[in-house]
Amino acid sequence: MLLFLSTCLLWLATSGLGSVRAQATDADPSVTSHHRNLAPNNADFAFGLYKHLVASAPDKNIFISPVSISMALAMLSLGARGDTRAQLLQSLGFNLTKMSEDDVHQGFWHLHRLLRESDTSLEMTMGNALFLNQSLQLLDSFSADTKRYYELDTLATDFQDWARASEHINEYIKNKTQGKIMDLFSELDSSAMLILVNYIFFKGTWAHPFDLESTREENFYVNETTLVKVPMMFQSREVKYLNDPVLPCQLVQLDYMGNETVFFVLPEKGKIDTVISALSRDTIERWSSSLTSSLVDLYIPKVSISGTYDLGGLLADMGIADLLNSRADFSGITQEAKLKVSKVVHKAMLQLDEKGVEAAAPTGVTQNAASGPLAIHFNQPFIIMIFDNFTWSSLFLVKVVKPT
């Protein structure tokens, strides 16, 4: 039995949604073409999965790393055969009459490399680890392809000794995520023979930190009848801002030190699902081109959110019908057994605080001293979206309903 676990950790030591600052690199045009050919498909999959999760838990916080999930599912397709393989790739949005499987995997290889190496101002650890029962042996083709394209680590594990196996996996993930994810497993499925872990650790730094001395406890209105007290961070400066004339929301864009762009989207009261249902590549492009620099008094909660999602049912709704049933064909992984995916679990954690690094240069906007600042309080359910400018990837999509 194959247990697929996607583990994602986001640590926003300082966050900032910024203007596009994609750095020039020495990458050749073919590298650029490979990873950017994936971008539209990855974005469509990201918004589709995000909307499914929101619809399945309308009153819950949602936090996922779409690019991490896309990468893991594409890698898993290397071990799938027949309809299972086609469903995996098609659900990710790839038309194999227009893009070959080799081009898909080449694209993810370049994407992984660029996310890992293009920006030294961020801490980012992405990877995959395959823990297989020591009685199993991977097919040479699967082992070679997953190592080549996805740098898959393979670790033999004694699944007959459940306590030792879970300790083995927990220690590996703890080390890979710098101690941020601990005790991933307390108990393993007794029928597990092979476990795939996909993980991402990210730590960013605000270009313009929030004022530590200004954080105050304030009300956050979860809904019409529920409010909670949260530490509310504050900064006052010129930011990119939009009061959307099309959708019932306003938004700001802040900067990380690096290539990452973050949108904080504040829907009107009771309208968050309306805004989420309209999210698409076209929406993001429209927002990006419509933002203008404004003097803003910005109030954002100091967020701590974690969640675990069993994505199996959602993926079935999105077209991967054979991923969890008896028709699943993963005979391209090993010869010893016909493996099937029993779980698709995504575990995520978000921490957002004030810290950052003061900008070394002016922001390039001119303040209008005659007009007072616009006050924006993120004191009701809101959306966070984090993108990598250089690769055009959806790193994280978040729905914050209760930031405690």
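Throughout, residue positions are numbered sequentially from 1 according to the sequence presented. Quantities reported herein were computed from a predicted structural model and do not represent experimental measurements.
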For the side chain of Gln235 and the backbone of His208, is there at least one donor-acceptor N/O pair under 3.5 Å apart? yes
Is the shortest heavy-atom distance from the side chain of Ile384 to the side chain of Leu397 under 4.5 Å? no
Evaluate the side chain to side chain donor-acceptor pair (under 3.5 Å) criterion for residues Asn219 and Lys229: first the C-alpha distance (whole Å), next the side-chain angles of each, then the deciding distance (0.1 Å), finally the verdict. CA-CA 5 Å; Asn219 291 334; Lys229 295 288 187 180; 2.7 Å; yes
Between Tyr256 and Asp388, is any side-chain donor less than 3.5 angstrom from a side-chain acceptor? no
If I take atom CG from residue Leu92 and atom CG from residue Leu76, how far apart are they, to the nearest 0.5 angstrom? 10.0 Å
Is any side-chain heavy atom of Lys60 closer than 4.5 Å to one of Val401? no
Which label fits Phe382 and Phe378: parallel for a plane angle under 30°, tilted from 30 to 60°, or perpendicular past 60°? perpendicular
Are His105 and Tyr150 close enough that a side-chain donor and a side-chain acceptor fall under 3.5 Å? yes
Can you find a heavy atom in the side chain of Leu73 that is under 4.5 Å from one in the side chain of Phe45? yes
I want to check something: taking the side chain as every heavy atom from C-beta on, are Gln134 and Thr157 in contact at a cut-off of under 4.5 Å? no
To the nearest 0.5 Å, atom CG of Leu247 lies from atom CD of Gln250 at 13.0 Å
Does the distance from a Lys or Arg side-chain N to an Asp or Glu carboxylate O, for Asp158 and Arg164, drop under 4.0 Å? no
Looking only at side-chain N and O atoms, does Ser280 offer a donor or acceptor that is under 3.5 Å from a partner on Asp282? no
Hey, mind stepping through Met75 and Tyr149 against side chain to side chain contact (heavy atoms under 4.5 Å, CB included) and telling me if it holds? CA-CA 8 Å; Met75 187 187 74; Tyr149 292 119; over 6 Å; no
Lys176 side chain vs Glu171 backbone, donor-acceptor pair below 3.5 Å: no
Test side chain to side chain contact (heavy atoms under 4.5 Å, CB included) applied to Leu242 and Thr292, step by step: CA-CA 7 Å; Leu242 174 66; Thr292 58; over 6 Å; no
Student check: side-chain heavy atoms of Ser293 and Glu238 closer than 4.5 Å: yes
Looking at every non-hydrogen atom in both residues, tell me the closest pair between Val104 and Met99 and how far apart they are. CG2-SD, 3.5 Å
Not counting sequence neighbours, list each pair that qualifies as a side-chain hydrogen bond (donor to acceptor under 3.5 Å, both in side chains) and has a residue in residues 84-99. Arg85-Glu101, Gln87-Asp322, Asn95-Thr97
CD of Glu260 to CZ of Phe387: how many Å apart, nearest 0.5 Å? 11.5 Å
To the nearest 0.5 Å, tell me how far Glu218 CD sits from Phe234 CZ. 10.0 Å
Close side-chain approach of Phe94 to Leu38, heavy-atom, < 4.5 Å: yes
List the atom of Pro381, the atom of Val222, and the distance in Å for their closest heavy-atom pair. CG-O, 3.5 Å
How many angstroms lie between CZ in Phe264 and OH in Tyr241, if you round to the nearest 0.5 Å? 15.5 Å
Kindly give the heavy-atom pair with the smallest separation between Val246 and Asp244, and that separation in Å. N-OD1, 2.9 Å
Do Asp153 and Tyr172 pass the side chain to side chain donor-acceptor pair (under 3.5 Å) test, and can you show the C-alpha distance, the side-chain angles, and the key distance before you say yes or no? CA-CA 11 Å; Asp153 289 334; Tyr172 177 90; 2.8 Å; yes
Can you classify the ring geometry of His377 versus Tyr299 as parallel (below 30°), tilted (30 to 60°) or perpendicular (above 60°)? parallel
Inspect the surroundings of CG in Asp297 and state if more than 12 heavy atoms from other residues, nucleotides or ligands are less than 6.0 Å away. yes
For residues Phe63 and Phe396, establish whether the separation of their ring centroids is below 6.0 Å. yes
I would like to know whether Trp287 and Val265 meet side chain to side chain contact (heavy atoms under 4.5 Å, CB included); could you show each step before the answer? CA-CA 11 Å; Trp287 283 350; Val265 183; 3.8 Å; yes
Would you say the side chain of Ile386 lies within less than 4.5 Å of the side chain of Thr261, judging by non-hydrogen atoms? no
Closer than 3.5 angstrom, by distance alone: can the side chain of Ser77 be matched with the main-chain N or O of Ala74 as a donor-acceptor pair? yes
Check against side chain to side chain contact (heavy atoms under 4.5 Å, CB included), Leu130 and Leu155: CA-CA 6 Å; Leu130 192 66; Leu155 300 94; over 6 Å; no
Are Val398 and Ile62 side-chain neighbours, meaning at least one heavy-atom pair lies under 4.5 Å? no
Is the closest side-chain donor-acceptor distance between Glu354 and Thr215 under 3.5 Å? yes
Looking at Asp59 and Lys402, does any basic side-chain N land under 4.0 Å from a carboxylate oxygen? no
To the nearest 0.5 angstrom, please state how far the CG atom of Leu111 sits from the OG atom of Ser393. 4.0 Å
